[in-house]
Amino acid sequence: MRTALFPGTFDPITEGHLDIIRRGLKIFDRVIVAVARGVHKETLFSLEERKELVEASLAEASPAEAEGAGPDWARDSVSVVEFDGLLVDLADRMSVDVIIRGLRFVSDFEYEFQLALMNRQLNRRVETMFLMPSARYSFLNASIVREVARLGGDVSSLVPKPVADRLKERYHPGRPS
Ligand code: ADP
């Protein structure tokens, strides 16, 4: 049984994150989504909300692109945990030796490369693997989604429905859809 850890802030989860999870499941039997408390970033949603939105999004995500996956692909193969502290310590606690991260444009590369090498320095057992999302999600990041939603733009094709609904509630309560 091969398991990978997919860590992030997920503030909130987007279709780009789901794309990486689906691709991860082509290689691994299980993916554990690890939602970071993220003290280095001021988050829009609390840790509990971010985790809950990942769960709600997985519960209704279609298996598209996860070849061979049945309708319950997410329930059967993906679990969600929250964490605080070092990622490599979580990997140890969960006995997982692969971290997956998404790589979009060159702009991600420098930070991701540093992070991967630092994690290797901290724990030689753990390897980092990068997956590239579909080109249609390559421009997408959670902060752009938050900004567009805040300004009243339509983000429904960029995030799962539970996230679109929650963003609307948060930024434009009472506005009809
Ligand atoms: P972090 O604070 O760890 O960067 P994020 O939630 O922003 O947390 O990102 C988690 C992971 O998901 C990172 O590897 C990031 O590169 C990846 N990711 C974020 N958005 C996308 C996207 N649109 N397509 C592919 N990967 C993405």
Side-chain angles (χ1 to χ4, degrees), residues 3-28 31-58 61-62 64-66 74 78-91 94 96 98-120 122-123 126-150 153-164 166-167:
T3 304
L5 204 53
F6 180 38
T9 314
F10 303 101
D11 185 37
I13 185 168
T14 68
E15 289 293 341
H17 292 125
L18 284 176
D19 184 279
I20 297 297
I21 295 171
R22 290 191 180 99
R23 285 175 204 281
L25 286 176
K26 291 183 181 177
I27 305 167
F28 297 93
V31 169
I32 302 171
V33 179
V35 184
R37 179 168 294 282
V39 281
H40 61 296
K41 284 189 185 174
E42 179 91 14
T43 58
L44 172 66
F45 295 109
S46 69
L47 178 61
E48 292 66 33
E49 283 177 298
R50 285 180 279 131
K51 178 167 181 261
E52 185 195 307
L53 285 173
V54 172
E55 284 163 347
S57 302
L58 286 167
S62 75
E65 291 182 39
V78 188
S79 49
V80 189
V81 299
E82 53 187 56
F83 81 105
D84 203 1
L86 284 177
L87 178 61
V88 288
D89 291 345
L90 176 73
M94 305 202 84
V96 176
V98 181
I99 292 167
I100 54 175
R101 296 281 287 178
L103 207 53
R104 287 158 293 183
F105 291 120
V106 186
S107 52
D108 275 342
F109 185 78
E110 195 175 333
Y111 173 69
E112 292 293 340
F113 196 73
Q114 283 177 338
L115 197 65
L117 291 182
M118 178 52 80
N119 281 332
R120 178 183 288 164
L122 293 169
N123 189 330
V126 177
E127 288 294 341
T128 302
M129 184 183 271
F130 294 104
L131 297 172
M132 277 159 292
S134 157
R136 67 179 182 275
Y137 302 130
S138 286
F139 66 96
L140 192 59
N141 68 48
S143 63
I144 289 181
V145 165
R146 290 195 303 272
E147 187 60 6
V148 172
R150 189 177 70 79
D154 179 14
V155 293
S156 56
S157 61
L158 308 177
V159 294
K161 188 166 186 312
V163 174
R166 189 70 64 90
L167 283 166

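Start at 1 and go down the list; that is how both ligands and their atoms are numbered.
- Counting heavy atoms of neighbouring residues, nucleotides and ligands inside a 6.0 Å radius, atom CZ of Phe113 does not exceed 12 of them.
- The heavy atom nearest to atom 10 (C) of ligand 1, considering only Gly102, Ser134, Pro7, is found in Pro7.
- Between Glu52 and Phe45, the closest side-chain pair of non-hydrogen atoms is not below 4.5 Å.
- Listed by number with element, the atoms of ligand 1 under 4.0 Å from a non-hydrogen atom of Ile20 are 25 (C), 26 (N).
- Near Gly16, the atoms of ligand 1 lying under 4.0 angstrom from a non-hydrogen atom of the residue are 22 (C), 23 (N), 24 (N), 25 (C).
- Where the criterion is an N or O separation shorter than 3.5 Å, residue side chain and backbone included, Tyr111 fails it with respect to ligand 1.
- The ligand atoms of ligand 1 that sit less than 4.0 angstrom from a heavy atom of Phe10 are 6 (O).
- Assignment of Asp19 to the shell around ligand 1 is not supported, since no heavy atom sits closer than 4.0 Å.
- Each of the atoms 24 (N), 25 (C) of ligand 1 lies under 4.0 Å from some heavy atom of Pro133.
- Of the candidates Arg23, Arg50, Arg104, it is Arg104 that places a heavy atom closest to atom 21 (C) of ligand 1.
- By the 4.0 Å heavy-atom criterion, Gly38 is excluded from the residues contacting ligand 1.
- Under 4.0 Å from ligand 1, not a single heavy atom of Glu15 appears.
- Within the 4.0 Å heavy-atom criterion, the part of Glu112 lying near ligand 1 is the side chain and not the backbone.
- Close contacts between ligand 1 and Phe6 involve ligand atoms 11 (C), 12 (O) [criterion: under 4.0 Å to a heavy atom].
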